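The structure appears right after this line, and notes come after that.
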Amino acid sequence: MTITPLHTLSGYIWFNDQLVDWQEAKIHVLTHGLHYSGAVFEGERAYNGKIFKLEEHTQRLINSAHALGLQVPYSFSDIITAHKLLLEKNNISNAYVRPIIWRGPESLNITNRILSSNVAIIAVPSSPKHMNDIVLHVSRWHKPPPNSMPPQCKSSGHYNMMMTIQQEAQAKGYDDAILLDQRCYVAECTTSNIFFVKGDELITPIADVFLNGITRQTVIDIAHKLGMKVKEKYVVLAEISSYTECFITGTAAEIKRVKSIDIFDEKIIFTDDKTTKLLQTEYNILVNS
Ligand code: PMP
């Protein structure tokens with residue numbers, strides 16, 4: 001399978017309030033965001049020309065910037081309007097959408113008042129892959145504790161380690177890894193939240209030290225509407241073998257069934273998929289409505 005490098009696509013990118021030709025949307029090599037990860041971003045999905053939960057993503061983007069003291073040069077409604085304009089001008093219905101705010105190239109000091117804040121929004125044509133039966137292991141790396149990095153902030157700095165952890169998992173033949181938190185409770189995967197199923201109950205870790213994903217919250221709402229019980233609790237590795245299903249959630253991943261988890265030298269295989277399939281169907285209806 002050939003992979004098209006994204007920077008070679010065509011279309012428009014929203015770049016500091018201008019619609020710029022895709023090939024011309026370039027930044028300087030001194031960009032602060034490149035050197036010190038001075039950037040925050042979102043991952044969104046457009047279905048049939050409409051971005052699912054755009055307001056929630058935009059608010060999280062602004063909150064992430066504020067958490068790092070990064071100025072947001074446009075208002076909430078400017079950012080919403082820019083997203084809509086971008087999809088319209090590119091004539092894209094189904095896309096993965098990436099707004100990003102980053103510090104500019106004006107200084108190599110880690111802080112400097114002359115550093116600018118820049119914003120871009122990129123819409124990459126894409127439809128969900130509906131990939132199931134992923135295999136996970138437990139990473140040797142833990143989530144940073146909440147007093148080391150704000151857990152609800154989607155900062156590029158956070159993804160430096162997530163990338164390393166995912167690479168390490170894939171090199172060992174897994175799709176992704178589960179990270180424990182500083183207390184050794186199950187937290188989440190590198191770029192998604194995790195759920196387990198037991199009987200008619202969903203179990204998911206309490207989102208106090210990791211991102212409380214928008215898809216996670218949507219799945220909890222769907223489950224409540226379906227009359228299912230949802231238990232948010234601290235999950236330890238030893239209890240995972242008592243669950244019959246496991247799935248991960250995220251805007252890009254949507255809902256993916258997990259086939260097995262290798263917990264160091266023990267393999268847990270999930271035998272059922274009834275609840276996961278039901279939630280996938282309901283999620284699909286919701287995002288396309
Ligand atoms: N955790 C992390 C670390 C993530 O990067 C993501 C993807 N944004 C998620 C969870 C899932 O969040 P959401 O459902 O809002 O996409």
Side-chain angles (χ1 to χ4, degrees), residues 37 39-47 51-65 67-68 83 95-101 121-124 126 128-131 134 136 138-139 141-146 148-169 175-182 185-196 202 204-223 230 232 235 246-256 258 276 279-280 282-284 286-287:
S37 297
V40 296
F41 65 89
E42 270 304 311
E44 305 162 352
R45 238 187 216 293
Y47 299 85
I51 296 172
F52 182 63
K53 306 248 172 183
L54 176 58
E55 283 76 12
E56 287 84 344
H57 282 286
T58 302
Q59 193 54 58
R60 189 168 71 185
L61 177 74
I62 293 172
N63 293 348
S64 293
L68 298 189
H83 275 84
Y96 179 75
V97 184
R98 163 60 51 84
I100 180 159
I101 310 180
I121 311 171
I122 308 141
V124 180
S126 140
K129 296 204 175 50
H130 297 300
M131 195 179 106
I134 61 165
L136 305 177
V138 177
S139 175
W141 299 101
H142 287 208
K143 290 299 288 184
S148 296
M149 209 178 240
Q152 303 309 329
C153 168
K154 265 182 85 76
S155 74
S156 56
H158 178 73
Y159 289 89
N160 203 348
M161 267 323 282
M162 297 306 115
M163 193 175 61
T164 306
I165 291 165
Q166 199 176 87
Q167 262 175 355
E168 209 169 270
D175 295 294
D176 199 0
I178 291 180
L179 281 83
L180 304 180
D181 69 17
Q182 80 281 7
Y185 293 135
V186 170
E188 58 172 352
C189 293
T190 56
T191 56
S192 54
N193 294 125
I194 193 159
F195 284 78
F196 301 96
L202 282 189
T204 194
I206 297 170
D208 57 356
V209 298
F210 60 85
L211 194 72
N212 182 8
I214 291 170
T215 320
R216 175 186 183 277
Q217 296 172 50
T218 306
V219 165
I220 292 174
D221 285 350
I222 294 174
V230 181
E232 293 180 70
V235 173
C246 174
F247 60 87
I248 60 161
T249 63
T251 300
E254 299 193 319
I255 301 172
K256 275 188 193 158
V258 175
T276 310
L279 291 166
Q280 284 172 328
E282 293 297 320
Y283 187 77
N284 204 30
L286 185 65
V287 294

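The model shown is predicted, which means the values in this text are computed figures rather than measured ones. Whatever order the structure lists ligands and atoms in, that order sets their numbers, starting from 1.
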Could you tell me whether Thr215 and ligand 1 have an N or O pair separated by under 3.5 Å? yes
Heavy-atom pair with the smallest gap, counting every atom of Gln152 and Ala207: NE2-O, 3.4 Å
Would you call Arg216-Glu232 a salt bridge at under 4.0 Å N-O? yes
N or O pair under 3.5 Å between Arg60 and ligand 1: yes
On a heavy-atom basis, the closest approach of Ile255 and Leu279 is CD1-O, 3.6 Å
Under 3.5 Å between some N or O of ligand 1 and some N or O of Tyr159? yes
Counting heavy atoms only, name the option from Thr190, Thr249, Thr251 that's nearest to atom 3 (C) of ligand 1. Thr190
For ligand 1, which atoms have a heavy atom of Leu211 less than 4.0 angstrom away? 1 (N), 2 (C), 4 (C), 6 (C), 8 (N), 9 (C), 10 (C), 12 (O)
Check if Gly43 has a non-hydrogen atom at a distance under 4.0 Å from any atom of ligand 1. no
Does only the side chain of Ser192 get under 4.0 Å from ligand 1, or the backbone, or both, or neither? Count heavy atoms. backbone
Can you check whether Val235 reaches Ile194 side chain to side chain, under 4.5 Å on heavy atoms? no
In ligand 1, which numbered atoms sit nearer than 4.0 Å to a non-hydrogen atom of Gly213? 12 (O), 13 (P), 14 (O), 15 (O)
So if I apply the side-chain contact (heavy atoms from CB on, under 4.5 Å) rule between Leu54 and each of His83, Gln59, Glu42, which one comes out positive? His83
Going by distance only, is there an N or O of Glu188 that falls short of 3.5 Å from an N or O of ligand 1? yes
Ranked by distance from atom 7 (C) of ligand 1, the top protein heavy atom is Thr191 O, 3.4 Å
Here the atoms of ligand 1 under 4.0 Å from any heavy atom belonging to Gly250 are 11 (C), 14 (O), 16 (O)
Minimum heavy-atom distance Ser156-Phe41, with the two atoms named: CA-CE2, 3.9 Å
Please give me the minimum heavy-atom distance between Asp176 and Ser192, naming the atom from each residue. OD2-OG, 4.3 Å
Under 4.0 Å from a heavy atom of Asn193: which atoms of ligand 1 are those, numbered in the order shown and with their elements? 10 (C), 11 (C)
Which pair of non-hydrogen atoms, one from Lys154 and one from Tyr159, has the smallest distance, and what is that distance? NZ-OH, 3.0 Å
Which heavy atom of Leu179 sits nearest a heavy atom of Cys189, and at what distance? CD1-C, 4.0 Å
Would you call Lys154 a ligand 1 contact, heavy-atom distance under 4.0 Å? yes
